[in-house]
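Note that the structure is predicted; figures quoted are calculated from it, not measured. Each chain gets a letter, A, B and so on, in the order its sequence line appears, and its residues count up from 1.
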Amino acid sequence: MSGDHGHKDSKIDSGSRVNDSHKHKDKHKDKEHKHKDHKKDREREKSKYINSEHKEFSEKKHRDKDKVKHKDGSLERHKDKHKEKEKRKEEKSKSLTFDEKPKKEKENGFASPPHIKTETEDGFYQSPKHEKSLKREHDDDDYEFRPKKIKVENEKKAKKRKQEEEDIKSKKKTKDKKGDDVDGKKRAKKEPEEKWKWWEEERYTDGSKWKFLEHKGPVFAPPYEPLPSNVKFYYDGKYMKLSPQAEEVATFFAKMLDHEYTTKEIFRQNFFKDWRKEMTPEEKSKITDLNKCDFTEMSEYFKAQTEARKQMSKEEKQKIKEENERILQEYGFCVMDNHRERIGNFRIEPPGLFRGRGDHPKMGMLKRRIRPEDIIINCSKDSKHPKPPPGTKWKEIRHDNKVTWLASWTENIQGSIKYIMLNPSSRIKGEKDWQKYETARRLKKCVDRIRAQYRDDWKSKEMRIRQRALCLSYTGLLHLQLALRAGNEKEEGETADTVGCCSLRVEHIKLYPELNGQEFVVEFDFLGKDSIRYYNTIPVEKRVFKNLQLFLENKQPEDDLFDRLNTSILNKHLQELMDGLTAKVFRTYNASITLQQQLKELTCPEDNIPAKILSYNRANRAVAILCNHQRAPPKTFEKSMQNLQSKIDAKKDQLAEARRELKSAKADAKVRKDEKTKKAVETKKKAVQRIEEQLMKLEVQATDREENKQIALGTSKLNYLDPRISVAWCKKWNVTIEKIYNKTQREKFAWAIDMADQDFEF
DNA sequence: TCGGGTACTTAGTAATCCGGAT
DNA sequence: ATCCGGATTACTAAGTACCCGA
């Protein structure tokens with residue numbers, strides 16, 4: 001097995017997509033040039049100060065992380081679209097070209113996080129490419145694959161690979177990692193097939209994603225059930241019977257009445273506009289003011305329904321559960337190349353009101369009901385095609401094995417396409433994931449080269465090269481150090497105003513020649529993906545600072561910071577530096593390398609298991625902070641902390657009591673010296689120990705939770721951390737994998753769990 | 001080069017599940 | 001048996017990346 005997945009399958013067969021003659025024309029092109037002076041009264045304030053030296057996490061740092069509330073409103077953007085566009089065009093035409101080959105000399109020292117150096121020094125695994133990739137070769141990298149153990153497996157694999165088209169059921173596996181048993185039993189019934197180790201098999205080299213694909217199509221949202229007649233809607237205080245269509249849309253609003261969304265003006269406007277489209281002419285003429293609409297009875301009705309659902313008897317609940325399970329078994333799986341694979345989202349999104357995140361101009365719009373006529377089915381020709389519901393037709397059936405989706409439709413809010421795809425545990429997702437980490441590992445090997453190069457180019461007399469280096473230095477700064485997202489352009493007025501690296505505007509950074517005793521400090525403050533605030537201050541080299549100053553010159557706050565840079569230019573350039581390198585690889589690389597480094601640093605060999613896990617979580621946390629993965633502090637957070645604290649207090653009392661007992665038992669034993677009392681002493685001693693352990697466990701838990709208040713670990717764990725690092729760590733310290741990954745995660749990372757041994761190095 | 005389109009990953013939150021405490 | 005709260009799962013929005021044709 002080689003990790004040397006060619007990373008651009010999609011490129012291989014460009015243009016060969018079947019049937020791309022289908023245009024989806026229902027795109028929303030009616031963007032009235034609305035004013036975008038929408039107030040940025042962002043609902044999110046959960047921003048957090050991110051320490052610039054995120055690399056070194058000490059526990060203290062976690063505890064006294066300052067929180068900076070988002071006092072905002074300052075980032076208003078008043079743009080004249082036309083002017084803006086023209087300006088852009090003009091600037092783009094002067095755009096830089098990065099046509100030169102990178103130089104090779106090194107001169108390190110760009111404010112690089114220390115760990116990176118360390119990492120690059122160990123040149124593990126010289127083992128040169130055994131098994132070259134099936135796809136294009138990469139200029140250099142020996143993809144050190146994992147040492148011996150894996151090599152053995154490679155042989156196994158070699159044998160297997162012939163069977164390719166046949167049903168390959170790898171007999172013999174089931175080295176159950178303890179704890180899997182439970183799952184094992186459960187699924188054994190449903191899945192006679194033993195766990196398939198796709199990672200021991202050959203990948204497609206022709207750009208196809210599968211040879212055979214059969215599924216039953218998606219599950220549609222249940223049809224609308226009109227309200228009982230006693231649930232009434234009032235307009236201007238008077239009862240009014242709504243037509244079914246209008247009523248349905250009204251219920252969407254009624255269901256959200258408790259949510260603060262419904263108080264927002266944009267939401268209300270959008271909703272009302274779309275609602276009116278569903279009304280009969282009479283309704284339309286009557287209902288002209290949303291403020292006069294009274295949805296409370298509907299709202300009450302739905303609340304009662306929810307309540308009733310909760311109160312259902314066990315049997316009823318069981319029945320529902322079984323029904324769901326049945327649907328899952330029927331529609332939740334497909335057959336792809338001889339294997340039954342779980343589908344990720346087999347249900348069509350039900351109609352409702354669009355809930356954008358942050359300050360979204362389209363919040364409240366009606367998300368329409370999707371019908372079979374909207375659905376494109378993708379499956380293989382020779383499969384049993386899914387049947388549309390009686391009396392309906394699919395929009396189209398195609399057989400495109402260059403893509404991974406099973407069904408798709410065009411959504412009416414943004415006009416984008418939605419897909420039904422496989423679960424992360426599937427081969428097709430897993431391979432991609434694995435490949436992603438291999439690309440990041442290749443970056444690790446040349447990151448020093450990249451850094452050295454742009455530093456060198458910087459000094460170049462030649463303007464062109466210098467400019468290229470500047471672009472790169474932002475890469476160095478923004479991607480390597482800060483792990484920012486790339487920052488694609490977005491259509492204004494279509495989405496919330498958020499930015500990433502390339503789309504940063506002048507108003508998003510501040511330069512301080514001196515701040516808190518540090519020289520040349522850059523402050524970042526902007527809203528990123530999902531309108532999560534990113535705030536960070538970081539000292540930079542003088543040269544970088546000066547260049548940034550230059551960039552800010554003669555610009556308005558709402559101008560682009562990097563006016564000649566966009567993700568496409570950036571990625572094109574990165575591609576030249578390393579095959580498969582794109583902006584997002586830096587995030588993956590950064591996250592994984594940080595985890596590995598933090599684990600090394602934080603894990604104490606003599607710690608017990610809970611303490612080790614705390615260390616793991618802290619390492620994970622370091623990454624989450626780096627990547628700015630935040631969450632709203634759970635509503636119940638304070639209370640749950642209190643509960644935990646009282647548990648700890650109780651435990652402490654218990655411990656004191658146990659100690660007293662032990663003492664008296666000892667005294668007793670001294671006097672009496674018989675077997676019985678001796679035994680009693682032993683028992684008491686054990687009790688004390690046990691309680692001490694429990695106490696310590698609770699305290700660790702409290703620390704962990706406190707530190708986690710507004711940081712979400714899940715996202716990085718699932719998307720950025722090479723699972724093999726975690727697996728290796730578990731093996732090294734004898735921590736069972738279940739402590740780190742839950743069942744779903746174990747399924748997703750089955751490949752890593754199976755293949756990584758404790759020596760794995762990212 | 002630009003806009004449009006497509007495919008796929010990454011993201012936070014809401015809903016639901018489930019197990020332990022009462 | 002029920003209730004509570006944390007853990008898990010479901011959901012779907014919001015990103016990245018890259019292709020294509022004019």
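Between A:Gln311 and A:Lys367, it is A:Gln311 whose nearest contact on DNA chain C lies nearer the 5' terminus. Each of A:Lys748 and A:Lys635 lies near DNA chain B, and the nucleotide nearest A:Lys748 is the one positioned closer to the 5' end. Of the residues near DNA chain C, A:Phe637 and A:Lys418, the one whose nearest nucleotide (by heavy atom distance) lies more toward the 5' end is A:Phe637.
Between A:Lys572 and the phosphate of C:dC18, there is no side-chain N or O to OP1/OP2 separation shorter than 4.0 Å. An OP1 or OP2 oxygen of B:dA14 is reached within less than 4.0 angstrom by a side-chain nitrogen or oxygen of A:His259. Dashed line: the shortest gap from a side-chain N or O of A:Asn742 to OP1 or OP2 of C:dA7 is not under 4.0 Å. A:Arg587 has no side-chain polar atom (N or O) that falls below the 4.0 Å cut-off from OP1 or OP2 of B:dT10.
A straight line from CD of A:Glu738 to P of C:dA7 spans 17 Å, rounded to a whole angstrom. Rounded to whole angstrom, the span from the NZ atom of A:Lys362 across to the P atom of C:dA13 amounts to 12 Å. Distance CE (A:Met256) to P (B:dA15): 10 Å, rounded to an integer number of Å. As a whole-Å value, the separation of A:Lys432 NZ from B:dT9 C1' is 8 Å. For A:Trp405 and B:dT9, the CH2 to C1' distance is 18 Å, given to the nearest whole Å. To the nearest angstrom, P of B:dA11 lies 14 Å from OH of A:Tyr534.
Across all strands, A:Pro424 comes closer than 4.0 Å to no nucleic acid atom at all (heavy-atom distances).
Pairing analysis of DNA chain C (Watson-Crick: purine N1 to pyrimidine N3 plus N6-O4 or O6-N4; G-U wobble: N1-O2 and O6-N3; both under 3.5 Å) yields stems of 3 or more pairs at B:1-22 with C:1-22.
Side-chain proximity of A:Ile417 to C:dA13, B:dT6, B:dC8: nearest is B:dT6. Picking from B:dT13, C:dT12, C:dG6 the nucleotide with the shortest atom distance to the side chain of A:Arg705 gives C:dG6.
Contacts of A:Asn345 classified as side-chain hydrogen bond (donor to acceptor under 3.5 Å, both in side chains), with partners at least two apart in sequence or in another chain: none. Legend: residues meeting ring pair (Phe, Tyr, Trp, His ring centres under 6.0 Å) with A:His629, ordered by chain and number and at least two apart, are A:Tyr720. Residues meeting the side-chain hydrogen bond (donor to acceptor under 3.5 Å, both in side chains) test with A:Asn719, sequence neighbours left out: none. With sequence neighbours excluded, the residues forming a salt bridge (Lys or Arg N to Asp or Glu O under 4.0 Å) with A:Lys418 are A:Glu349, listed by chain and number. Applying the salt bridge (Lys or Arg N to Asp or Glu O under 4.0 Å) test to A:Arg587 and every residue at least two apart in sequence or in another chain returns nothing. Remark: A:Asp258 pairs with A:Lys303 by the salt bridge (Lys or Arg N to Asp or Glu O under 4.0 Å) rule, at least two apart or across chains. Scanning for ring pair (Phe, Tyr, Trp, His ring centres under 6.0 Å) contacts around A:Phe302 gives an empty result, with sequence neighbours left out. Scored by the side-chain hydrogen bond (donor to acceptor under 3.5 Å, both in side chains) test, A:Arg705 finds A:Ser640 as partners (sequence neighbours excluded).
For DNA chain B, the residues of residues 712-721 of chain A within the heavy-atom distance limit of 4.0 Å (strictly under) are A:Thr715, A:Asn719, A:Tyr720, sorted by number.
Defined by atom type and a distance below 3.5 Å, a donor-acceptor pair is missing between the side-chain atoms of A:Glu260 and A:Thr263. Defined by atom type and a distance below 3.5 Å, a donor-acceptor pair is missing between the side-chain atoms of A:Glu638 and A:Gln642. Donor-acceptor pairing under 3.5 Å is lacking for the side chains of A:Asn324 and A:Glu322.
At a threshold of 4.0 Å, the pair A:Asp560-A:Arg505 does not count as salt-bridged, since none of the basic side-chain nitrogens sits closer than that to a carboxylate oxygen.
Counting only distance, with no hydrogens or angles, the side chain of A:Ser592 and the backbone of A:Asp722 share a donor-acceptor pair below 3.5 Å.
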List, with names and distances, any nitrogen or oxygen atoms from the protein found under 3.5 Å away from nitrogen or oxygen atoms belonging to nucleotides 16-22 of chain B.
from, atom 1, to, atom 2, distance (Å)
B:dC18, OP2, A:Lys321, NZ, 3.2

So which protein N/O to nucleotides 14-17 of chain C N/O distances come out below 3.5 Å?
from, atom 1, to, atom 2, distance (Å)
C:dA14, OP1, A:Arg357, N, 2.6
C:dA14, OP1, A:His360, ND1, 3.3
C:dG15, OP1, A:Thr498, OG1, 2.8
C:dG15, OP1, A:Asp530, N, 3.1
C:dG15, OP2, A:Lys490, NZ, 2.9
C:dT16, OP1, A:Ala486, N, 3.2
C:dT16, OP1, A:Gly487, N, 2.5
C:dT16, OP2, A:Asn488, N, 2.8
C:dT16, OP2, A:Asn488, ND2, 3.4
C:dA17, OP1, A:Thr582, OG1, 2.9
C:dA17, OP1, A:Ala583, N, 3.2
C:dA17, OP1, A:Lys584, N, 2.7
C:dA17, OP2, A:Asn571, ND2, 3.1

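Residue A:Lys697 qualifies as open at atom NZ: its count of foreign heavy atoms under 6.0 Å is 12 or below.
Separating the SG atom in A:Cys501 from the NZ atom in A:Lys584 is a distance of 15.5 Å, to the nearest 0.5 Å.
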